[in-house]
Amino acid sequence: MPAGSTLRGRRAHHKSRNGCQQCKNRKVKCDEQKPVCGKCKVHEVDCSFALATSVADAINSAEKLIASLDQDATPDTTGSSRPSRSGSPRDTEAGPGPGPGPESSRPRPHLQAPPSAGSELDISDLELLHHYTTSTAYTFSNHPALQTFWRVEAPKIAFTAPYTLRAMLAMSALHLSVLRPEKKDVYVAQASEHNDLALKLAAPELTNVNHENATPLFLFSALLSFISCAKPLKLGNFLLLEDHDIADWLSLIRGTGTIVESANESLRTGPLGIIFSVHRQSHNQPNVQHPFLEDLRQFILGEVSDDHEREVYRIAIDHLSHCFAICLDKAWRLETSDVFMWLMRVPRDFLVLLKGHQPHAMIILGYFCVLIHQLEWMWWMKNWGRHILSQIYHLLPGPLHRAWLQWPMEQVGFSPY
């Protein structure tokens, strides 16, 4: 070795296991920037860090979700149930209700907090589980194979993940609140508590999606969307939007795309395989042009001058036409996946335009209500189409925009007069 030379070792480097799931799958180094890492931003893919941010937002607003579930609940302080003045959640009209009375300050029945990780159940929870397997599970689908999945396989999965089990019990409680209105207050309180605990238990899992937890997390996100639809109808809730913001449940189910991407093969070959195998795909079907949608497309693209906004609306209408090809042309009795896939595919910028109550975005949502109306055979989707349309109609600025709602209003049976 020449005199004066120095021995150089390997450059020190920092090794981290805290990168996003997408970079781990691609086996590349993640810069760990949040809410979206640099490589995911470059490749324009959903980053698991963004999903974690959505989860944090959902947890921060859990109290808001609970309050909406508890709307109209007025339990007796003696512990006995008091009949609800508004009947079942689906009997609530889209309109101002009576102001809070002295009963609204009464405490709801106390449900014993579960010890440790939230996996232990009491007698009232076992009642909910029994009702789920004997009744509620049959209401998620009209397909016999999917009914069997929700009744037999889904509980098996839930027993491995307390957050999924709690979401299942919350949905069962909401179902009972409709079937037994004389005990509605008690069941809605149970649903609130199980839903709150499910969100808290799921939060750490959603920040680190892997092959082991992908199945229960996917099931949890589906149940969370059902729970959100089963909540009592109220002004300001557009299903996709709640309290002037994108609904927490929608942010979470859009995150299921990250779950599927992270563990695609294990999901499709595992217990959830039946869900993917029976889901109807329209890409093998001829592309049908719907006259009303095509007229709407020409109207909106002709009115909007901003190029980016026009493209967002075009994509939203294209995906809506894709759903119409499945939902209307084949005369099938629809499943939630046939309709809700539009929510998974529309650009996020479209949801931002909806959040701002932009008239063209609201009109497109009005046409989506035609598809929502096709799901009203499910108890937890009852009256959603009319509820959303009535709010859109009164938000639109004038007769020209309202005229474009005429066809959706005829399809769902809504009249503003």
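Please read all numbers here as calculations on a predicted model, not as lab measurements. Residue numbers start at 1 and run along the sequence shown.
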Review point. Can Leu320 and Leu371 be said to form a side-chain contact (heavy atoms from CB on, under 4.5 Å), step by step?
Key: CA-CA 9 Å; Leu320 194 58; Leu371 301 182; 3.9 Å; yes
Check your understanding: Would you say Phe324 and Val370 make side-chain contact, with heavy atoms under 4.5 Å?
Key -> yes
Show me the side-chain donor-acceptor pairs of residues 301-308 shorter than 3.5 Å, one per line, residues at least two apart or across chains.
unit_1 : atom_1 : unit_2 : atom_2 : d
Glu303 : OE1    : His360 : NE2    : 2.7
Asp306 : OD2    : His308 : N      : 3.2
Asp306 : OD2    : Glu309 : N      : 2.8
His308 : NE2    : Asp349 : OD2    : 2.7

Revision key, fill the gap. d(Leu174 CG, Thr136 OG1) to nearest 0.5 Å is 9.5 Å
Practice item. Working to the nearest 0.5 Å, report the span between CG of Leu217 and CD of Glu205. Key: 6.0 Å
Review point. In Å, rounded to the nearest 0.5 Å, how long is the span from CD1 of Ile364 to SG of Cys369?
Key: 12.5 Å
Review point. So, does Ser192 use its side chain to make a donor-acceptor pair with the main chain of Val188 at under 3.5 Å?
Key: yes
Point to revise | For Gln358, all residues meeting side chain to side chain contact (heavy atoms under 4.5 Å, CB included), sequence neighbours excluded | key: Tyr313, Leu353, Ala361
Check your understanding: For Ala158 and Leu165, which heavy atoms make the closest approach, and how far apart are they?
Key -> O-CB, 3.6 Å
Review point. Step by step, would you call Gln391 with Leu235 a side-chain contact (heavy atoms from CB on, under 4.5 Å)?
Key: CA-CA 8 Å; Gln391 296 183 91; Leu235 287 175; 4.1 Å; yes
**Study point:** Tyr367: ring-ring contact (aromatic ring centres under 6.0 Å, His included) partners, not counting sequence neighbours
**Key:** Trp407
Check your understanding: Does the side chain of Trp379 reach to within under 4.5 Å of the side chain of Leu179, using non-hydrogen atoms?
Key -> no
Practice item. Report the residues that fulfil salt bridge (charged side-chain N to carboxylate O under 4.0 Å, His left out) with Glu212, sequence neighbours left out, ordered by chain and then residue number. Key: none
Exercise for review: Could you list the residues that satisfy salt bridge (charged side-chain N to carboxylate O under 4.0 Å, His left out) with Asp318, not counting sequence neighbours?
Suggested key: Arg297, Arg314
Check your understanding: What heavy-atom pair brings Gly366 and Pro408 nearest, and what distance separates the two atoms?
Key -> O-CB, 3.5 Å
Exercise for review: Using side-chain hydrogen bond (donor to acceptor under 3.5 Å, both in side chains) as the criterion, list what pairs up with Gln411, not counting sequence neighbours.
Suggested key: none
Check your understanding: When the ring planes of His357 and Phe238 are compared, do they come out parallel, tilted or perpendicular, using 30° and 60° as the limits?
Key -> tilted
**Study point:** Side chain Asn237, main chain Glu242, donor-acceptor under 3.5 Å
**Key:** no
Exercise for review: May I ask you to test the Asp122-Leu126 pair for a side-chain heavy-atom distance under 4.5 Å?
Suggested key: no
Revision key, fill the gap. Across all chains, not counting sequence neighbours, the ring-ring contact (aromatic ring centres under 6.0 Å, His included) partners of His131 are His175
Check your understanding: Do any N or O atoms from the side chain of Thr148 and from the backbone of Pro144 form a donor-acceptor pair under 3.5 angstrom?
Key -> yes
Review point. Is Lys39 reaching over with its side chain to a backbone N or O of Lys29, donor-acceptor style, under 3.5 angstrom?
Key: yes
**Study point:** Thr160 (side chain) donor-acceptor with Lys156 (main chain) under 3.5 angstrom
**Key:** no
Check your understanding: Any side-chain heavy atom of Leu176 within less than 4.5 Å of one from Val186?
Key -> no
Check your understanding: Who pairs with Ala137 by side chain to side chain contact (heavy atoms under 4.5 Å, CB included), at least two apart in sequence or on another chain?
Key -> Tyr132, Trp150, Arg151
Check your understanding: Step by step, would you call Ser321 with His290 a side-chain contact (heavy atoms from CB on, under 4.5 Å)?
Key -> CA-CA 7 Å; Ser321 180; His290 297 273; 4.0 Å; yes
Practice item. Tell me yes or no: between the side chains of His143 and Gln147, is some donor less than 3.5 Å from an acceptor? Key: no
Exercise for review: Identify the two heavy atoms, one from Leu233 and one from Lys382, that lie closest to each other, and give their separation to 0.1 Å.
Suggested key: CD1-O, 4.2 Å
Review point. Mind checking whether Leu272 and Phe149 have side chains closer than 4.5 Å, heavy atoms only?
Key: yes
Check your understanding: Closest heavy-atom contact between Leu146 and Ile274?
Key -> CD2-O, 4.1 Å
Check your understanding: Can a donor-acceptor pair be found between the side chains of His194 and Arg166 at a distance below 3.5 Å?
Key -> yes
Check your understanding: Is there a donor in the side chain of Gln406 and an acceptor in the side chain of Glu410, or the other way round, less than 3.5 Å apart?
Key -> yes
Point to revise | Between CG on residue Asp125 and CE on residue Met168, distance to nearest 0.5 Å | key: 13.5 Å
Point to revise | Any donor-acceptor N/O pair, His401 side chain to Ile363 backbone, under 3.5 Å | key: no
Study note, to complete from the structure: Arg180 meets the side-chain hydrogen bond (donor to acceptor under 3.5 Å, both in side chains) criterion, sequence neighbours left out, with Glu127, Tyr187
Review point. If you look only at pairs with a residue in residues 363-379, which of them pass as a salt bridge (charged side-chain N to carboxylate O under 4.0 Å, His left out), with sequence neighbours excluded?
Key: Glu376-Arg386
Check your understanding: How many angstroms lie between atom OG of Ser177 and atom NZ of Lys231, to the nearest 0.5 angstrom?
Key -> 13.5 Å
Review point. With sequence neighbours left out, what residues match Trp404 under ring-ring contact (aromatic ring centres under 6.0 Å, His included)?
Key: Phe299
Point to revise | With Ser141 via side-chain hydrogen bond (donor to acceptor under 3.5 Å, both in side chains) - residues at least two apart | key: Glu335
**Study point:** Closest non-hydrogen atom pair, Ile372 against Gly385
**Key:** CG2-N, 3.8 Å
Exercise for review: Mind checking the CD-OG1 spacing from Glu153 to Thr215? Nearest 0.5 Å is all I need.
Suggested key: 11.5 Å
Exercise for review: Check for a donor-acceptor pair, side chain of Trp342 on one end and backbone N or O of His322 on the other, with a separation under 3.5 Å.
Suggested key: no
**Study point:** side-chain contact (heavy atoms from CB on, under 4.5 Å) between Leu223 and Phe140, intermediate numbers included
**Key:** CA-CA 10 Å; Leu223 288 166; Phe140 294 155; 4.2 Å; yes
Practice item. Using a 4.5 Å cut-off on heavy atoms from C-beta on, say whether the side chain of Leu405 contacts that of Leu389. Key: yes
Review point. Between the side chain of Trp384 and the main-chain N/O of Cys229, is any donor-acceptor distance below 3.5 Å?
Key: yes
Review point. What closest approach, in Å, do Val339 and Cys323 show between heavy atoms, and which atom pair accounts for it?
Key: O-SG, 4.4 Å
Check your understanding: Does Lys355 pair with Asp245 as a salt bridge, N-O distance under 4.0 Å?
Key -> yes
